[in-house]
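Have a look at the structure below, then the notes.
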Amino acid sequence: QVQLVESGGGLVQAGGSRRLSCAASRRTFSAYHMGWFRQAPGKEREFVAAISRSGGTTYYADSVKGRFTISRDNVKNVVYLQMNSLKPEDTAVYYCAADEADRASRSNYHYWGQGTQVTVSS
């Protein structure tokens, strides 16, 4: 069992930056592949980024490639999502997810956080 708590959401102007954090409760954090997903109002949850257990492999949705960066700190048990050049269409609730298997962009991660709202104003 692992609990995930996201933070860092808020209101940001278009073109700005924001860093999201997701803190995990387990000391075996390094055993989990991690992902970020988002859900905008009226839309389905979609994949944003994922990172392997060691941090050596990352995956990105085409819509965020070049603007967002996922990283992790296996000592602090935290995964980050650095978001740059934000656009109004990035407005969504952002969720952190974890799984012992490499789910990459698939949504069937076993553990999910409660989400943090990111609103990008134009």
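No experiment lies behind these values; they were computed from the predicted model shown. Side-chain atoms are counted along with the backbone in the values below, which use heavy atoms only and exclude waters and symmetry mates.
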Would you kindly confirm whether L86 and I70 end up in one hydrophobic cluster when ILVMFWY residues are joined by side chain heavy atoms under 4.5 Å apart?
-> yes
CZ-OH distance between R72 and Y32, expressed to the nearest 0.5 angstrom = 11.0 Å
Between OG of S7 and CZ of R19, what distance do you get to the nearest 0.5 Å?
-> 9.0 Å
For G10 and R18, which heavy atoms make the closest approach, and how far apart are they?
-> CA-NH2, 3.7 Å
C22 and W36, any side-chain heavy atoms less than 4.5 Å apart = yes
Interatomic spacing from CG in L20 to CZ in F68 - rounded to 0.5 Å | 8.0 Å
Is there a side-chain contact (heavy atoms from CB on, under 4.5 Å) between S107 and E44 once you walk through the steps?
-> CA-CA 11 Å; S107 62; E44 293 187 354; over 6 Å; no
Value for CD (Q3) from CD (Q114), rounded to nearest 0.5 Å, stands at 9.5 Å
Shortest non-hydrogen separation from L11 to S121 and the atoms involved = CD1-CB, 4.2 Å
Test salt bridge (charged side-chain N to carboxylate O under 4.0 Å, His left out) applied to K87 and D90, step by step = CA-CA 5 Å; K87 304 174 181 180; D90 294 318; over 6 Å; no
Find the distance between OG (S52) and OH (Y59) and round it off to the nearest 0.5 Å.
-> 7.0 Å
Would Y111 end up clustered with L81 when hydrophobic side chains under 4.5 Å apart are linked, directly or stepwise?
-> yes
Going by heavy atoms in the side chains, are R45 and W112 under 4.5 Å from each other?
-> yes
Tightest non-hydrogen contact, residues F29 and D73, listed as CE2-O, 3.8 Å
Please check if the side chain of Q82 supplies one atom and the backbone of T69 the other of a donor-acceptor pair under 3.5 Å.
-> no
Determine whether M34 and L4 make a side-chain contact, defined as any pair of heavy atoms from C-beta on separated by less than 4.5 Å.
-> yes
Evaluation steps, ring-ring contact (aromatic ring centres under 6.0 Å, His included), between F37 and Y109 = CA-CA 10 Å; F37 290 76; Y109 283 71; 5.5 Å; yes
Return yes if some donor-acceptor pair links the side-chain N/O of T119 with the main-chain N/O of T91 below 3.5 Å, else return no.
-> no
Shortest non-hydrogen contact from P88 toward S122 = CG-CB, 3.8 Å
Is the count of non-hydrogen atoms from other residues, nucleotides or ligands lying under 6.0 Å from Q117 atom CD greater than 12?
-> yes
With hydrophobic residues grouped by side-chain heavy-atom distances under 4.5 Å, do V118 and V64 end up in a single group?
-> yes
So how far is it from T28 OG1 to R53 CZ, rounded to the nearest 0.5 Å?
-> 11.0 Å
Heavy-atom neighbours of Q39 CD exceed 12 at 6.0 Å = yes
Please report the shortest heavy-atom distance between A49 and Y60, naming the atom on each side.
-> CB-CD2, 3.7 Å
Is there a chain of hydrophobic side chains (I, L, V, M, F, W, Y, each step under 4.5 Å between heavy atoms) that links V2 to I51?
-> yes
Side-chain touch S21/K76, heavy atoms, less than 4.5 angstrom | no
Heavy-atom neighbours of E89 CD exceed 12 at 6.0 Å | yes
Under 4.5 Å between any side-chain heavy atoms of M83 and R67, yes or no?
-> no
Do V79 and Y95 belong to the same hydrophobic cluster, where Ile, Leu, Val, Met, Phe, Trp and Tyr are linked whenever their side-chain heavy atoms lie under 4.5 Å apart, directly or via other members?
-> no
